[in-house]
Amino acid sequence: MSITNVILAIEDELGESISTRILGHFDLEIRHTIRGKGNVFLRQKAPEFNRSANRTAIFLLTDLDTPRDCPPELIRSWIKGPINPMFFFRVAVMEVESWVMADRMGFADFLSIPLHRIPSPTDNIVNPKEFLLSLARRSKKKAVREALVPAQGATLSVGNQYNTLLSEFIQNHWNLEHAAAVSPSLKRTLDRLAHGKNMSTNR
């Protein structure tokens, strides 16, 4: 019997939104969601997730965060051993915001900015969150600017509705196929799921 559901492990609300959209594309039901606060918790739990994936499929999404690393190195440093085939350990390069912006046409329209302001591939953007905020500041839509960009003097690094608005874009407007054509790390994630979904769960 092929894989029909997974346990989802993610860093934050935005990672949950994009993972949910990706898994839904493959008709994979999320049985349970584990949300860490940043990647420290996920790193600590990764070896346990890998062992548990002997019995049930687990999808973990984290950010690369620094250009000094590469996804295979990050995965090896977290697992330190063979990875169970039902452990879908995926790394967004550099951050999940890279995947959001990879639907360049859709996101440019969403922000009401010129398409050429979003580079391709988006995986090459060194600090995607800061870059996304710089785009949002140029938005012609006041509501978008107010939702995404922190108010002057605010302690938060993003606007109060940052996750809410981007999650709404992901669920209702984000074109997964267009994004995968622009983000190599997203394309690798889709390929891994397409290959792994048909893996037998009879172990």
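What you are looking at is a predicted structure, and each value in this text was computed from that prediction instead of being measured.
Rounding to the nearest 0.5 Å gives a distance of 7.0 Å between CZ of F26 and CG of L176. Of the inter-residue distances, the one linking N163 atom CG with L14 atom CG reads 5.5 Å to the nearest 0.5 angstrom. Here the NE2-CD1 distance, from H32 to I34, works out to 4.5 Å after rounding to the nearest 0.5 Å. Interatomic distance, T122 OG1 to L132 CG, rounded to the nearest 0.5 Å: 10.5 Å. A distance of 7.0 Å separates CD1 in I18 from CG in L186, rounded to the nearest 0.5 Å. Remark: N84 CG to R55 CZ distance equals 9.5 Å, nearest 0.5 Å.
In the hydrophobic clustering of this structure, I3 does not group with F87; members are Ile, Leu, Val, Met, Phe, Trp, Tyr whose side-chain heavy atoms approach within less than 4.5 Å, directly or through other members. In the hydrophobic clustering of ILVMFWY residues, with side-chain heavy atoms under 4.5 Å counting as a link, L74 and F41 come out together. I79 and L61 sit in two unconnected hydrophobic clusters of ILVMFWY residues. Membership requires side-chain heavy atoms under 4.5 Å apart, directly or through other members. Side-chain heavy atoms closer than 4.5 Å link hydrophobic residues (I, L, V, M, F, W, Y) into clusters, and following such links, even through other members, never connects I75 to I10. No continuous path of ILVMFWY side-chain contacts below 4.5 Å connects F59 to L64, so the two sit in separate hydrophobic clusters.
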Let me have the donor-acceptor pairs involving side chains of residues 90-102, under 3.5 Å, with sequence neighbours excluded, atom names and distances please.
residue: R90; atom: NE; partner: T189; partner atom: OG1; Å: 3.2
residue: E95; atom: OE1; partner: K129; partner atom: N; Å: 2.9
residue: E97; atom: OE2; partner: Y162; partner atom: OH; Å: 2.8
residue: S98; atom: OG; partner: V93; partner atom: O; Å: 3.2
residue: S98; atom: OG; partner: M94; partner atom: N; Å: 3.2
residue: S98; atom: OG; partner: E95; partner atom: O; Å: 3.1
residue: W99; atom: NE1; partner: S183; partner atom: OG; Å: 3.3
residue: W99; atom: NE1; partner: S185; partner atom: OG; Å: 2.8

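Taking the six-membered ring where the residue is Trp, F169 and F110 present tilted rings, their angle falling between 30° and 60°.
Heavy-atom contacts from other residues, nucleotides or ligands closer than 6.0 Å to CG of D191 number more than 12. Heavy atoms from other residues, nucleotides or ligands lying under 6.0 Å from NZ of K80 number more than 12. By the 6.0 Å contact criterion, NE2 on H195 is open, its count of non-hydrogen atoms from other residues, nucleotides or ligands being 12 or less. In R35, the CZ atom is crowded: over 12 heavy atoms of neighbouring residues, nucleotides or ligands sit closer than 6.0 Å.
At a threshold of 4.0 Å, the pair E48-R51 does not count as salt-bridged, since none of the basic side-chain nitrogens sits closer than that to a carboxylate oxygen.
Within the 4.5 Å cutoff, the side chain of R188 has heavy atoms near those of the P184 side chain. Between L148 and L165, some side-chain heavy-atom pair lies under the 4.5 Å cut-off. Residues F131 and S134 meet the side-chain proximity criterion, which asks for heavy atoms closer than 4.5 Å. Taking the side chain as every heavy atom from C-beta outward, R104 and H178 never approach each other to under 4.5 Å. Residues L42 and E11 meet the side-chain proximity criterion, which asks for heavy atoms closer than 4.5 Å.
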After noting the C-alpha distance and the side-chain angles of L23 and I30, does the key distance pass the side chain to side chain contact (heavy atoms under 4.5 Å, CB included) rule?
CA-CA 8 Å; L23 294 170; I30 298 172; 3.8 Å; yes
Go through it in stages, so that I can follow the logic: the residues are R117 and L135, the test is side chain to side chain contact (heavy atoms under 4.5 Å, CB included), and I'd like the CA-CA distance, side-chain angles, deciding distance and then a yes or no.
CA-CA 8 Å; R117 294 199 179 277; L135 296 178; 3.9 Å; yes
Apply the test side chain to side chain contact (heavy atoms under 4.5 Å, CB included) to residues L60 and L8: give CA-CA distance (whole Å), side-chain angles for both, the deciding distance (0.1 Å), then the verdict.
CA-CA 6 Å; L60 183 153; L8 174 61; over 6 Å; no
Under the side chain to side chain contact (heavy atoms under 4.5 Å, CB included) rule, what do T20 and T33 come out as? Steps first, then yes or no, please.
CA-CA 10 Å; T20 299; T33 298; over 6 Å; no
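F89 and W78 have their aromatic ring centers within a separation under 6.0 angstrom.
For S139 (side chain) and L111 (main-chain N/O), a donor-acceptor pair under 3.5 Å exists by modelled atom type.
The shortest non-hydrogen separation linking K141 to S112 is CE-CB, 3.7 Å. Looking at every heavy atom in both residues, L133 comes nearest to P150 through CD2-CD, 4.4 Å. Closest heavy-atom contact between A194 and N198: O-ND2, 3.9 Å.
Side-chain polar atoms of T56 and R31 form a donor-acceptor pair below 3.5 angstrom.
Screening L28, V6, T4 for a side chain to side chain contact (heavy atoms under 4.5 Å, CB included) involving K197 leaves a single residue, L28.
Partners of S17 according to the side-chain hydrogen bond (donor to acceptor under 3.5 Å, both in side chains) rule, which considers only residues two or more places apart in sequence or in another chain, are S167. Residues that satisfy the side-chain hydrogen bond (donor to acceptor under 3.5 Å, both in side chains) test with E168, not counting sequence neighbours, are N172, H173.
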